[in-house]
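All remarks here apply to the structure that follows.
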Number of protein chains: 2
Amino acid sequence: MSASGVRARVRAEMTEEIKAVAKRHLVTDGANLSLRAVARDMGMASSAVYRYFASRDELLTALIIDAYNSVGEAAERAAAGEASDLERFLRTTHAVREWALAHPHEWALIYGSPVPGYEAPQDTIGPATRVILLIAGIVRDAHAAGRTAEREPISGGYADELAAVADQFTPGTPPRLVAAALSAFIHLGGAISAELFGQLKNSVDHDRRGFFDYQMRGEADRIGLT
Amino acid sequence: MSASGVRARVRAEMTEEIKAVAKRHLVTDGANLSLRAVARDMGMASSAVYRYFASRDELLTALIIDAYNSVGEAAERAAAGEASDLERFLRTTHAVREWALAHPHEWALIYGSPVPGYEAPQDTIGPATRVILLIAGIVRDAHAAGRTAEREPISGGYADELAAVADQFTPGTPPRLVAAALSAFIHLGGAISAELFGQLKNSVDHDRRGFFDYQMRGEADRIGLT
DNA sequence: CCATAACGAGAGCGGTGCTCTTGCTTTCGA
DNA sequence: TCGAAAGCAAGAGCACCGCTCTCGTTATGG
C-alpha cells in the first residue's frame, strides 16, 4: 500500500512535470506544442510520455483544465473581500484580464479558436463555468439585496431559455438580470480576446486598461450595479 | 505583352485555384491545413505550390485577406438600402453573424487565436477594418443627422486616444460615440466567437439568434440608435 | 518468490513544411 | 531569329511531427 503509494506518487509527480514543461513550451510555441519536444526537455523518449498521456489531445485537455482553474481561481480571489457590487464586479473582470495578459497562450487555449480535430471532453465543463458563475453570483447577490436598478424585463425564446438556466444556477434571478450577466461575460471575453489577438492594434494602443474598464463599466451599468 | 499576359493570367488562375482548394480544406481541417494535401488535390507535387506561395503562412495570409473581404462585403451589402439607423445596425451585425455561421473556420482564422509563429503582414490591416469602419459609419451618419440620443461624455486617456482615431476615420464624431461603436464591435466579435467556439454550450442552445440580437440591441441602445 | 504489471527506450510508419536539383517550356531581347 | 534568361513542375531529401509496437528492465503484490 505504502509501496504502491510510492509508485502512484512518482507517477503523479511525473504527470505534473510533463504538464509544467508543456506549459513552458506553450509560452513560445502556442497551441501547436510538440510532444516530442517536451519529451526531449525531460530527457526521455517521446514514446515514454504516452505512458502518462494517451495522446497530445489528452495533454492539451489537462492544460485546458488547469487554465480554466487558474483563471477561475484568480477571479475568485479578486471577488473575495468587502466591496460594493460594482467594485466587486470590476475587480473580478480586471483580474480575469490581468490573468489573460500574464498567460496569453493559455487564454487562447480556452477562449480562442478550438483545435480542429479536438472535442472538449466532459471534464472541462466544470472548471469552464467558474468565471461566469462568479459573475452570475455577484448579480444574484446584488439582486437578492435589492440593490439592482430597475430595467425593463425581456421576453421571448431567449428569455425563457435563460430562465431555465437561472433556475439551475441562480434561482430567483429574473431573466433580464441573467441576460445582463451573460452579456457582461461575453463582452468580457470579447474585449480580452480582441486585446490579446491583436484586434486593437492601430486603434487602442496606449490606454488598454481604460478601454477594458469602459467596456466593463458599461456592462455593470446595464446590470444596474452600484 | 499579350503573350506574357497569358502567362500572368494562367498564374493568377492557378493562384486562385490553390486558394479555392485550400478553403475547401479549411472547412474540414481547420487552421492546420496541409500544403501537401492541397497539392495532392490539385494533382501536382507539393514543391510546385511553392511557386505560387512562398510558404504555408503566405497561403494563410491570402486566405485571411479573402476572409476579411468576404465578411466585409457581406456586411456592406446588408448595410446598404434605406432603413432606420437601428435597423441598419442590426442588419449589419446579423449579417456578420450569419457569415460567421456559414464560414466558421474562416472566422476562426481572422478573429480566433493567432497562429503562433504567424505575424499578420500589413496587407491584412486594410481589409480587416471594413466591418468596424462600417459600424462607425452608421454611428457617424446618425450623429451627423442629430439622431443619436444624449449620453454623458467620457474622458480620460482612453477618450483622448479615441478622439485621435476618430479624427482620422470619422472626424467630428465625439469620443463617447466612437467608444460606443468600438464597444459594439468588440461585443459583436465576442458574441460570435462565443457561439462558434462552443462557449454557449449548455446555456444557450436554442435561441442563439435571440441571444445575439439581445446583445446587439443593448449596444445599439448604448450608442443611442433609434 | 515469482507472475504480472508498469515503465523507458528504440525502431519504425506515415505524415508534415520546406529546400535543392534537374529537366522542360515559355518569354524576351539582341 | 535564335539563344539567354526566366518560369515552371517534379522528385529526392532533410528534419520534424504524432503515434504504435516491440523488447528488455524494474518494481509490485498475491
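Hydrogens, waters and symmetry mates play no part in the numbers below; they use all other heavy atoms, side chains included. Letters A, B, ... are given to chains in the order of the sequence lines, protein chains preceding strands, and every chain is numbered from 1.
Here the side chains of B:E17 and B:M42 are in contact, with some heavy-atom distance below 4.5 Å. Side-chain contact between B:Y111 and A:S113: absent, with no pair of heavy atoms (C-beta onward) separated by less than 4.5 Å. Looking at A:F211 and B:L182, their side chains come closer than 4.5 Å, going by heavy atoms from C-beta outward. Looking at heavy atoms from C-beta onward, A:D141 lies in side-chain contact with A:R88 at the 4.5 angstrom threshold.
Contact annotation for B:M14: backbone-only contact, meaning every heavy-atom pair under 4.0 Å involves sugar-phosphate atoms and none involves a base. No contact: B:L59 has no heavy atom under 4.0 Å from any strand. Across all strands, B:Y52 comes closer than 4.0 Å only to sugar-phosphate atoms, never to a base (heavy-atom distances).
Annotation: of the two residues near DNA chain C, A:A48 and B:L35, the 5′-most nearest-nucleotide partner is A:A48. Residue whose closest nucleotide on DNA chain D sits further toward the 5' end, between A:S46 and B:R36: B:R36.
For the pair B:F53 CZ and D:dG7 C1', the computed distance is 17 Å after rounding to whole Å. At whole-Å resolution of the value, CE in B:M42 and P in D:dA10 are 10 Å apart. One atom, NE2 of B:H25, and another, P of C:dG15, lie 14 Å apart when rounded to the nearest Å. Atoms CG (B:N32) and C1' (D:dC16) sit 16 Å apart, rounded to a whole Å. One atom, CG of A:D41, and another, P of D:dC16, lie 14 Å apart when rounded to the nearest Å. The nearest whole Å value for the distance from the CZ atom in B:R56 to the P atom in C:dG15 is 17 Å. To the nearest angstrom, P of C:dC7 lies 13 Å from CD of A:E13. Protein atom CG of A:L60 is 12 Å distant from nucleotide atom C1' of D:dG18, rounded to whole Å.
The existence of a salt bridge linking A:R97 and A:E195 is confirmed by a sub-4.0 Å separation between a basic side-chain nitrogen and an acidic carboxylate oxygen.
With distances taken from any side-chain atom of B:Y50 to the nucleotides C:dT16, C:dT19, C:dA9, the minimum falls on C:dT19.
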What nitrogen or oxygen pairs link the protein and nucleotides 21-25 of chain D at under 3.5 Å?
none

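In this model, a donor atom of one side chain and an acceptor atom of the other lie less than 3.5 Å apart for B:E219 and B:S183.
Neither OP1 nor OP2 of C:dA5 sits under 4.0 Å from any side-chain N or O of A:R11.
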Could you give the side-chain donor-acceptor pairs of residues 156-169 of chain A under 3.5 Å, partners two or more places apart or in another chain?
{"unit_1": "A:E161", "atom_1": "OE1", "unit_2": "B:H206", "atom_2": "N", "d": "3.4"}
{"unit_1": "A:E161", "atom_1": "OE1", "unit_2": "B:D207", "atom_2": "N", "d": "3.0"}
{"unit_1": "A:E161", "atom_1": "OE2", "unit_2": "B:D205", "atom_2": "N", "d": "2.5"}
{"unit_1": "A:E161", "atom_1": "OE2", "unit_2": "B:H206", "atom_2": "N", "d": "2.6"}
{"unit_1": "A:E161", "atom_1": "OE2", "unit_2": "B:H206", "atom_2": "ND1", "d": "3.0"}

